[in-house]
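Numbers here simply count residues along the sequence, with the first being 1.
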Amino acid sequence: MQTFTHYFLHFIAIGAIAWFYDRKNWKKNWLILLATMAVDLDHVFADPLFDPMRCGIGYHPLHSHFAIIGYVLGVLFIKNKLLKLIFIGLLFHMLTDFIDCLWMFSKCGECYTSSEIYNSFN
């Protein structure tokens, strides 16, 4: 169920965001939101490339706390509709990944204590 939820949020829920953002152009906006998935390209710098027990929030450069603050500021202060939508997509991507992290942490306490989220607050 975790994997289904993760990919549902990444691919389907953004359609709802696109529709609420601008009903007339929701298909184009959905594609723009899909393009924000490119933020995951920062995973190529990780070793190993994929670790199912790793929380990406705080670990990957474009998933860092500083990047997330930038995404929040973009949503709040950018007036350009296209750029604002991109920041919304990036921020929603981080929320989706964070939900995935919480789900993983609920099953793996060691995953939490070895995560960058835990290290940030201790």
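Cluster membership check: L91 shares its hydrophobic cluster with I32, using side-chain heavy-atom separations under 4.5 Å among Ile, Leu, Val, Met, Phe, Trp and Tyr. Tracing side-chain contacts under 4.5 Å through hydrophobic residues (I, L, V, M, F, W, Y), one reaches V72 starting from L82; they form part of the same cluster. Following chains of ILVMFWY side-chain contacts shorter than 4.5 Å, one can reach L95 starting from L76, so the two form part of one hydrophobic cluster. Residues I78 and L73 are members of one and the same hydrophobic cluster, defined by side-chain heavy-atom contacts under 4.5 angstrom among Ile, Leu, Val, Met, Phe, Trp and Tyr. Residue V39 is not grouped with residue V44 when hydrophobic side chains (ILVMFWY) are merged at heavy-atom distances under 4.5 angstrom, including chains of intermediate members.
Summarising the geometry, atom CD1 belonging to I69 is positioned 13.0 Å from atom CE belonging to M94; distances are rounded to the nearest 0.5 Å. Taking CD1 from I17 and CD1 from I88, the interatomic distance works out to 7.5 Å, rounded to the nearest 0.5 Å. Here OG1 of T113 is found 9.0 Å from CZ of F105. Values are rounded to the nearest 0.5 Å. We find the CZ-CG distance between R23 and N29 to be 12.5 Å, quoted to the nearest 0.5 Å. A distance of 5.0 Å separates CG in L33 from CD1 in I14, rounded to the nearest 0.5 Å. In this structure, the separation between CG on N119 and OH on Y59 is 11.5 Å, given to the nearest 0.5 Å.
Looking only at side-chain heavy atoms (C-beta outward), R54 and P48 come within less than 4.5 Å of each other. Here the side chains of F87 and N80 are not in contact, with every heavy-atom distance at 4.5 Å or above. Between I57 and I68, the closest side-chain pair of non-hydrogen atoms falls below 4.5 Å. Residues H63 and H43 form a side-chain contact, since some pair of their non-hydrogen atoms from C-beta on lies under 4.5 Å apart.
Cation-pi geometry between K84 and Y21 is not met: the NZ or CZ atom fails to fall both under 6.0 Å from the ring centre and inside 45° of the normal.
Under the 3.5 Å distance criterion, the side-chain polar atoms of W30 are matched with a main-chain donor or acceptor of F11. Of the possible polar contacts, none joining the D100 side chain to the H6 backbone as a donor-acceptor pair under 3.5 Å is found. Side-chain atoms of E116 never come within 3.5 Å of backbone atoms of G56 as a donor-acceptor pair (strictly under, hydrogens ignored). No donor-acceptor pair closer than 3.5 Å links the side chain of N25 to the backbone N or O of K28.
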* Using the side chain to side chain contact (heavy atoms under 4.5 Å, CB included) rule, take F98 and L102 through it: C-alpha gap first, then chi angles, then the decisive distance, then the call. => CA-CA 6 Å; F98 182 67; L102 292 176; 3.5 Å; yes
* To do: Evaluate the side chain to side chain contact (heavy atoms under 4.5 Å, CB included) criterion for residues F92 and T36: first the C-alpha distance (whole Å), next the side-chain angles of each, then the deciding distance (0.1 Å), finally the verdict.
  => CA-CA 10 Å; F92 188 75; T36 64; over 6 Å; no
* To do: Output, in order, the C-alpha distance, side-chain angles, deciding distance and verdict of side chain to side chain contact (heavy atoms under 4.5 Å, CB included) for Y71 and L62.
  => CA-CA 10 Å; Y71 305 151; L62 298 175; 3.8 Å; yes
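Here the two cysteines C55 and C111 have their SG atoms 2.5 angstrom or farther apart.
The aromatic rings of Y7 and H10 sit tilted relative to each other, their planes meeting at an angle between 30° and 60°. Relative orientation of the Y112 and Y118 rings is perpendicular, given thresholds of 30° and 60° on the angle between their planes.
Other residues, nucleotides and ligands contribute over 12 non-hydrogen atoms within 6.0 Å of the NZ atom of K107.
The two atoms that bring W26 and W19 nearest to each other are CB-CA, 3.5 Å, heavy atoms only.
If you check the side chains of D40 and H60, you find no donor sitting under 3.5 Å from an acceptor.
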